[in-house]
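Some notes on the structure that comes next.
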Amino acid sequence: MQGTDFPIAIIGAGFAGIGAAIQLEKAGIESFTIFERADEVGGTWRDNTYPGAACDVPSHVYSLSFEQNPDWSQRYAPSWEIQDYLLRVVDKWKLRERMRLNTEIVAARFDEGAGVWNLTTNQGDEFRARVVLAGVGGLVDPAYPDIPGLEDFQGDTMHTARWNHDVDLGGKRVSVIGTGASAVQVVPSIAPIATLLTVFQRTPAWVVAKFDAFYPKWIKRLLRRFPFFLRASRFVKYWISELRGPIVFYNSRLLSLIGVALSKWNLRRQVEDPALRKKLTPSFQFGCKRVLVSDDYWATFERDDVELVTEAIERIETKGIRTKDGSLHEADAIVLATGFKVGLATAPFPIVGRNGRTLDDAWAGGAVAYKGMTVSGFPNWFIMMGPNTGPGHTSVLVYTEAQIAHAVQAIRKLQREGLKYLDIRQDVQDRYNESIQRRMKHMVWSGCKSWYLDADGSNHSLYPGFAAEYVLRTRRLDPRDYEIGRFAEDPAEHDSRPLLTTQ
Ligand code: NAP
């Protein structure tokens, strides 16, 4: 099981899994297999294909630093273009050869004697890996709202994250429930084709200007010819987002006023009607929920064929949506822009670590991991986009790349020194998470309800600080932080079963 015989399982073929595979290749480690439950790679960008779906972080930053793309059509690339980019990267690195699509890992159990993770697939196969890199994403499965009568509706119903492209919304009365990051993109995109668009707002959001723009051909040519300019563009955009960060994440009335001023300016330039402006203005502190970016979301409500409903929803009936004031808002289609079941707080499937302890048990009091990556008692298991690693202000990929680099360092150490495992020490993990939760007190997120928070109000989703600081903190793997497992001297004790058993 040592030496070159070092199987690695990457779970998920989204940005994290693909990025990890490339970095392993670059490190000369080719013994990995990527497991993807869907029939194609791409994760978020494969699944979110609703009209208007795009990244709300500039694409020069929201792309892999080691696979920069000079050809983005605009500052904020649409979803299909990001998916195309990922497909290109996968082909370039020939990752399909090491990929098992339609293969879901449904259970994992650590065999401490062998220093091996036994992974079970949905097809009943067993895969034995020395190291697991879990890149399953945090916002994957759609959250369907718990509104009575949803299934009684006789028109078409679809969630933004599972768009039904067979349904033509042209000429239809469409109702959208939700006003979050997905809604601000889908609403302006379907307003021009629907005969009537009714948007049901429970909580208005702070929206700042996007200043989106297409890149002219000459700029793309320049970026292609001189990669320095592409790197410079990334650098500048990254640092702009970092420097703006405190406005979005610190619990400071003064900083918050800057955000509010920017957002109110955006509202004034898009909406003239003061009564409408009032309805669209949030009452919670700037940054508490995700700050949205759009140049046209608010302006959409100025259209005669778009209606904003702020009355609470009572139930859904066969013909439309009934609000608490008794009105029935008839519709031919309902779009649920109601977000995701946040997968950060629970194990994605049963994961059993050392001494038979499950990850759900370990996370009973909230999801915690050392630097968001490793959990004590779950050796050689590296999480990408794990607890407290989400940003509210910049590209999540900056964090993901830091996690990948850290995992590659660990793998190299395991291989180089022939170690059985690295298991983060419980005291180190506890100290780290105490410091994270202490810092949370200075952040803005606890003042309102959002997917950032667990049911008890604690935040195990976001990183309370700058991305640059996270990158610095994760740069060096310190072996003293880990309990090191070693193989027995007697080779007879080594596990010699095949690494992949297909039943
Ligand atoms: P979200 O931010 O969770 O928004 C869900 C919306 O649905 C909220 O307005 C919520 O209202 C509303 N809602 C939920 N249940 C409801 C109910 N029963 N009745 C009425 N309204 C209800 O979801 P999202 O917009 O899909 O965004 C989720 C996250 O995905 C974002 O924060 C972001 O991280 C990511 N995202 C990123 C991009 C991107 O461009 N990078 C694009 C889309 C999404 P309340 O606010 O009152 O709860």
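Just follow the structure's listing: the first ligand is 1, and inside any ligand the first atom is 1.
For ligand 1, the atoms lying closer than 4.0 Å to a non-hydrogen atom of Gly339 are 3 (O), 5 (C), 23 (O), 24 (P), 26 (O). Near Thr203, meaning under 4.0 Å from any of its heavy atoms, are these atoms of ligand 1: 45 (P), 46 (O), 47 (O). Within ligand 1, the atoms closer than 4.0 Å to a non-hydrogen atom of Cys55 are 40 (O), numbered from 1 in the order shown. Close contacts between ligand 1 and Gln185 involve ligand atoms 40 (O), 42 (C) [criterion: under 4.0 Å to a heavy atom]. Atom numbering of ligand 1 starts at 1 in the shown order; those under 4.0 Å from a heavy atom of Ile177 are 20 (C), 21 (N). Taking a cut-off of under 4.0 Å to the non-hydrogen atoms of Lys289, the atoms of ligand 1 that pass are 45 (P), 46 (O), 48 (O). Each of the following atoms of ligand 1 lies closer than 4.0 Å to a heavy atom of Ala337: 5 (C), 6 (C), 7 (O). Listed by number with element, the atoms of ligand 1 under 4.0 angstrom from any heavy atom of Thr179 are 6 (C), 8 (C), 9 (O).
Closest to atom 4 (O) of ligand 1, if we only count protein heavy atoms, is Gly180 CA, 3.7 Å. Atom 38 (C) of ligand 1 has its closest protein heavy atom at Asp56 OD2, 4.0 Å. Atom 35 (C) of ligand 1 has its closest protein heavy atom at Leu139 CD1, 4.0 Å. Nearest non-hydrogen protein atom to atom 12 (C) of ligand 1 is Gly178 CA, 3.6 Å. Scanning the protein heavy atoms around atom 27 (O) of ligand 1, the nearest turns out to be Ala181 CB, 3.8 Å. Of the protein's non-hydrogen atoms, the one nearest atom 31 (C) of ligand 1 is Arg290 CD, 3.5 Å. The protein atom (non-hydrogen) at minimum distance from atom 18 (N) of ligand 1 is Pro145 CB, 3.4 Å. For atom 26 (O) of ligand 1, the closest non-hydrogen atom on the protein side is Ser182 OG, 2.7 Å.
Below 30°, between 30° and 60°, or above 60°: for Trp206 and Phe286 the angle between ring planes is between 30° and 60°, a tilted geometry. Note on ring orientation: taking the six-membered ring where Trp is involved, the planes of Phe211 and Trp265 are tilted (angle from 30° to 60°). By the 30° and 60° cut-offs, the orientation of the rings of Phe249 relative to His393 is perpendicular.
Only the side chain of Tyr50 comes within 4.0 Å of ligand 1, counting heavy atoms alone; its backbone N, CA, C and O stay farther away. In Ile147, the part holding a heavy atom less than 4.0 Å from any atom of ligand 1 is the side chain. Residue contacts with ligand 1, taken as heavy atom pairs separated by less than 4.0 Å, involve Thr338 via backbone and side-chain atoms alike. Only the backbone of Ala54 comes within 4.0 Å of ligand 1, counting heavy atoms alone; no side-chain atom from C-beta on gets that close. Residue-level proximity to ligand 1 for Phe340 is carried by the side chain, the only part with a heavy atom below 4.0 angstrom.
Closest heavy-atom approach to atom 17 (C) of ligand 1 among the candidates Lys449, Gln201, Arg202: Arg202.
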- request: Give the intermediate values and the outcome of side chain to side chain donor-acceptor pair (under 3.5 Å) for residues His329 and Ser327.
  value: CA-CA 6 Å; His329 303 266; Ser327 317; 4.6 Å; no

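Qualifying side-chain contact (heavy atoms from CB on, under 4.5 Å) partners for Ala347, counting only residues two or more places apart in sequence or in other chains: Ile351, Leu359, Asp360.
Trp163 pairs in a side-chain contact (heavy atoms from CB on, under 4.5 Å) with only one of the listed residues (Asn48, Val335, Asp47), which is Val335. Screening Tyr85, Tyr62, Phe214 against Trp72 for a ring-ring contact (aromatic ring centres under 6.0 Å, His included) leaves a single residue, Tyr85.
In summary, Asp141 and Arg37 engage in a salt bridge, as defined by a charged side-chain N under 4.0 Å from a carboxylate O. For Arg173 and Asp332, the salt-bridge test passes: some basic side-chain N is under 4.0 Å from an acidic carboxylate O. Checked for salt-bridge contact, Arg315 and Glu317 meet the test: a charged N lies under 4.0 Å from a carboxylate O. With respect to the salt-bridge test (charged N to carboxylate O, under 4.0 angstrom), the residues Lys92 and Glu67 qualify.
In this structure, OG1 in Thr49 is found 9.5 Å from CG in Asn164, a value given to the nearest 0.5 Å.
Remark: Lys210 qualifies as a cation-pi partner of Tyr76 under the 6.0 Å distance and 45° angle criteria applied to the six-membered ring.
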